[in-house]
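Just below is one structure, and these are the notes that go with it.
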Amino acid sequence: RRENGEPYWSWQDFDKSHSKNTTPWFTYGMLLVCTVMMIVSVGVNGWAFESTKTNPMIGPSAETLIKLGAKQTSLIVDEKEW
C-alpha cells in the first residue's frame with residue numbers, strides 16, 4: 001500500500017476485508033496427526049515412557065522412534081542412505 005501511495009487500513013477496514021468464518025482446518029489436521037503418532041509411538045514402545053534421564057522430552061525410546069521412521073544420522077552419513 002505504501003508503494004502505491006494508498007493509506008494504510010484501519011483495524012475496522014482490515015476486519016471487514018477478512019471473512020470471520022474461517023476455520024484453521026490445516027492446524028486441526030496437523031494436531032490430529034501428531035496426536036495419533038504420539039499414541040502409536042507410545043503403543044509400539046510397550047505403553048511406557050522412557051525415563052527423563054534417557055529422554056528428557058518425555059516420550060518413547062530412540063529405538064522406537066527409529067523403528068517408526070525417525071532420522072538416523074549414522075545411516076545418512078556412514079552408509080549414504082537418503
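Keep in mind that the numbers below use all heavy atoms, side chains included, and drop hydrogens, waters and symmetry copies.
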| request: Let me see the working for Trp47 and Ile39 under side-chain contact (heavy atoms from CB on, under 4.5 Å), right down to the final yes or no. | output: CA-CA 9 Å; Trp47 299 107; Ile39 292 168; 4.2 Å; yes
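Between the side chain of Asn55 and the backbone N or O of Pro60 there is at least one donor-acceptor pair closer than 3.5 Å.
The two atoms that bring Ile58 and Met38 nearest to each other are O-CE, 3.9 Å, heavy atoms only. The shortest non-hydrogen separation linking Ser61 to Asn45 is OG-OD1, 3.2 Å.
Hydrophobic clustering (side-chain heavy atoms under 4.5 Å, transitive across Ile, Leu, Val, Met, Phe, Trp, Tyr) groups Val44 together with Val36.
The distance from atom CD of Glu63 to atom CD of Glu50, rounded to the nearest 0.5 Å, is 7.5 Å. With rounding to the nearest 0.5 Å, the separation of CD1 in Ile66 from NZ in Lys71 is 11.0 Å.
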